[in-house]
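Computed from a predicted model, the values in this text were never measured in an experiment. Because only heavy atoms are used, hydrogens play no part in the values below, and waters and symmetry mates are left out as well, while side chains stay in. Below, read A as the first sequence line, B as the second, and so on, with proteins coming before strands; counting in each chain starts at 1.
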Protein chains: 2
Amino acid sequence: MKSATEILQRAGIVTTRQRVVLLDRLLRRTDHPDAERLLAEARDGMPSISVDTVYRTLNLFAEAGVIQRMAVPTRRARFDGCTDPHDHFLCSDCETIQDVPRPPERSAAIPAPVSACGIVSDVQTVYVGVCRRCAAQKR
Amino acid sequence: MKSATEILQRAGIVTTRQRVVLLDRLLRRTDHPDAERLLAEARDGMPSISVDTVYRTLNLFAEAGVIQRMAVPTRRARFDGCTDPHDHFLCSDCETIQDVPRPPERSAAIPAPVSACGIVSDVQTVYVGVCRRCAAQKR
DNA sequence: ACCCTGAATCAGATTTATTCCGAAAGAGGT
DNA sequence: ACCTCTTTCGGAATAAATCTGATTCAGGGT
C-alpha cells in the first residue's frame, strides 16, 4: 500500500503535516468515519489541529479524487479512503458502514442513459438495512 | 397514479392536511427536492405550515417507505417521491438530480456478501458527474 | 353533530454540522 | 536564511435539522 505522502505528491497536492496525518489515519481505517471522528483521531499525535482544517482538507482530498465523499443518507458526511470500486452496506440503526464487493458485471460500462446525462466521474451503490448486530439486539 | 391520501391510508398513516399537501407536492415533482424547497412549495396553498412539520413529516414518510431519503453526497437531504426501483445522476456542480433506469440484471437478487451483512430494505445507486448543461457553460 | 383524547402542528429557541474570517505559521523556491 | 504564497488556527458565523411547550386537529364514541 502506498504511503499518504506518496499519494498526495502523486496527486499534485502540497504536503503539510496536517494533510499527511489526516490521510494516513483515514487510510488505516475501514469504518468510513465522519469529520468529527477523524478530528479526534488526528488530535492524538497533533493536538493543535483545527476543525476547519479537517473539513477543508477532506473537501480538498475528495475534490482531487484522493478519497471519496460517500453517498449515504446520514446527517454527517462520511469518507472512504479506499477508492477502488466497491459498494457499501449502511445500517440505518447504528450507522456503521461495511464494505461489500461490487459484482464484476456492474464494474463494466456505464449504461447509455446515464452517459446521456453527462460525464460520470464516480459511481456509488449503497445497500441500506439493519445489520446483524442491531437485528440481534432488537429482540 | 394513486392519490396522496390513498397512499397514506394504505400505509396506515393518519392523514392530516399538512401530510397530504406535502406528499402531493413531492409526487408531482421529478427534481428530488430538499426540505426547504418542499416547504416553499407547500406554503402556497398552506401558508402556515412550519419548518418542523416538513422535517418531521419527511422523516415519517421515509421511515414508512412512502418516500425515499436519497443517498447523495450533498449538504442538504434530498427526497424522492417515486419508490419504484431506479437510479440517479447527480451533477456535482449544480446539484440537480436526474432519474435513470436501473438495468434489469441489477434489479434481480441482492448479492450474497450483502445479505450476509444484514436485512436490506433499500438499494440506491448514484452516478456523480457533471451534467450537460454545466459542461457546456464551463467553456 | 358534539365532545373527548391522544396525536400532530406551530413558533421560536436550540443543537449540530460545516464554513468563513483575519491573524499567525509553514512550505518550497532563491 | 529570506521571501512570497499558501495553509492553518481559533473563534465567530451560517446553515440544516431537531426539540420544547402551548395550541390545534383527527377520528372514534355518544
Side-chain angles (χ1 to χ4, degrees), chain A residues 4-6 8-26 32-64 66-67 69-79 92 95, chain B residues 4-26 32-43 45-64 66-67 69-79 92 95:
Chain A
T5 311
E6 212 176 332
L8 291 179
Q9 284 171 345
R10 220 164 277 204
I13 293 175
V14 172
T15 59
T16 66
R17 254 173 336 118
Q18 291 82 344
R19 288 174 180 174
V20 172
V21 167
L22 281 170
L23 182 53
D24 185 64
R25 300 281 167 157
L26 184 51
H32 316 85
D34 55 30
E36 190 183 36
R37 176 152 277 295
L38 277 168
L39 173 64
E41 274 284 310
R43 276 201 168 149
D44 62 52
M46 179 177 282
S48 70
I49 193 169
S50 73
V51 182
D52 183 57
T53 296
V54 173
Y55 280 103
R56 204 170 4 80
T57 303
L58 289 172
N59 285 342
L60 173 73
F61 288 176
E63 202 70 29
V66 166
I67 67 173
R69 173 188 297 273
M70 299 183 65
V72 276
T74 52
R75 179 90 185 268
R76 305 143 95 98
R78 304 282 289 260
F79 298 90
S92 49
E95 301 210 336
Chain B
T5 311
E6 211 177 334
I7 292 173
L8 292 180
Q9 283 172 346
R10 221 165 278 205
I13 293 175
V14 170
T15 57
T16 66
R17 257 172 334 119
Q18 290 83 346
R19 288 176 180 173
V20 172
V21 166
L22 281 170
L23 182 53
D24 185 64
R25 300 281 167 157
L26 184 51
H32 316 85
D34 55 31
E36 191 181 37
R37 175 152 278 296
L38 276 168
L39 173 64
E41 274 284 311
R43 278 201 167 149
M46 179 177 284
S48 71
I49 192 169
S50 73
V51 184
D52 183 58
T53 296
V54 172
Y55 281 104
R56 203 167 9 77
T57 303
L58 289 171
N59 285 343
L60 173 73
F61 288 175
E63 201 70 29
V66 165
I67 69 174
R69 173 187 298 272
M70 299 183 64
V72 277
T74 52
R75 181 89 185 271
R76 304 144 95 97
R78 304 282 289 262
F79 298 89
S92 50
E95 301 210 336

Could you state the atom-to-atom distance from CG of B/L58 to P of D/dA17 in whole Å?
-> 10 Å
Starting at CG of B/L60 and ending at P of D/dA17, how long is that distance when rounded to a whole Å?
-> 17 Å
Over all atoms of both residues, closest heavy-atom pair of A/A35 and A/V54 | O-CG1, 3.8 Å
What distance separates B/L58 CG from B/L22 CG, expressed to the nearest 0.5 Å?
-> 6.0 Å
Rounding to a whole Å, what distance do you find between A/R43:CZ and D/dC9:C1'?
-> 10 Å
Value in whole Å for how far the P atom of D/dT24 lies from CE of B/M46 = 16 Å
Treat primed atoms plus P, OP1 and OP2 as sugar-phosphate and everything else as base, then score nucleotides 19-30 of chain C 5' to 3': B for base contact with protein heavy atoms under 4.0 Å, S for sugar-phosphate contact only, - for none.
-> BBB-----SS--
Would you name the heavy atoms of B/F79 and B/L26 that are closest together and state the gap between them?
-> O-CD1, 4.0 Å
Would you tell me if any nitrogen or oxygen in the side chain of A/S50 comes within less than 4.0 Å of OP1 or OP2 on D/dT8?
-> no
Among B/V66, B/I7, B/T57, whose side chain to side chain contact (heavy atoms under 4.5 Å, CB included) with B/I13 holds?
-> B/V66
Output all residues satisfying side-chain hydrogen bond (donor to acceptor under 3.5 Å, both in side chains) with A/T53, sequence neighbours left out; order by chain, then residue number.
-> A/S50, A/R56
Quick one: B/L22 CG to C/dA8 P, roughly how many Å, whole number?
-> 14 Å
Residues 39-47 of chain A, side-chain donor-acceptor partners within the protein, below 3.5 Å, at least two apart:
{"unit_1": "A/E41", "atom_1": "OE2", "unit_2": "A/R29", "atom_2": "NH2", "d": "3.0"}
{"unit_1": "A/R43", "atom_1": "NE", "unit_2": "A/I49", "atom_2": "O", "d": "3.0"}
{"unit_1": "A/R43", "atom_1": "NH2", "unit_2": "A/I49", "atom_2": "O", "d": "2.9"}
{"unit_1": "A/D44", "atom_1": "OD1", "unit_2": "A/R25", "atom_2": "NH1", "d": "3.1"}

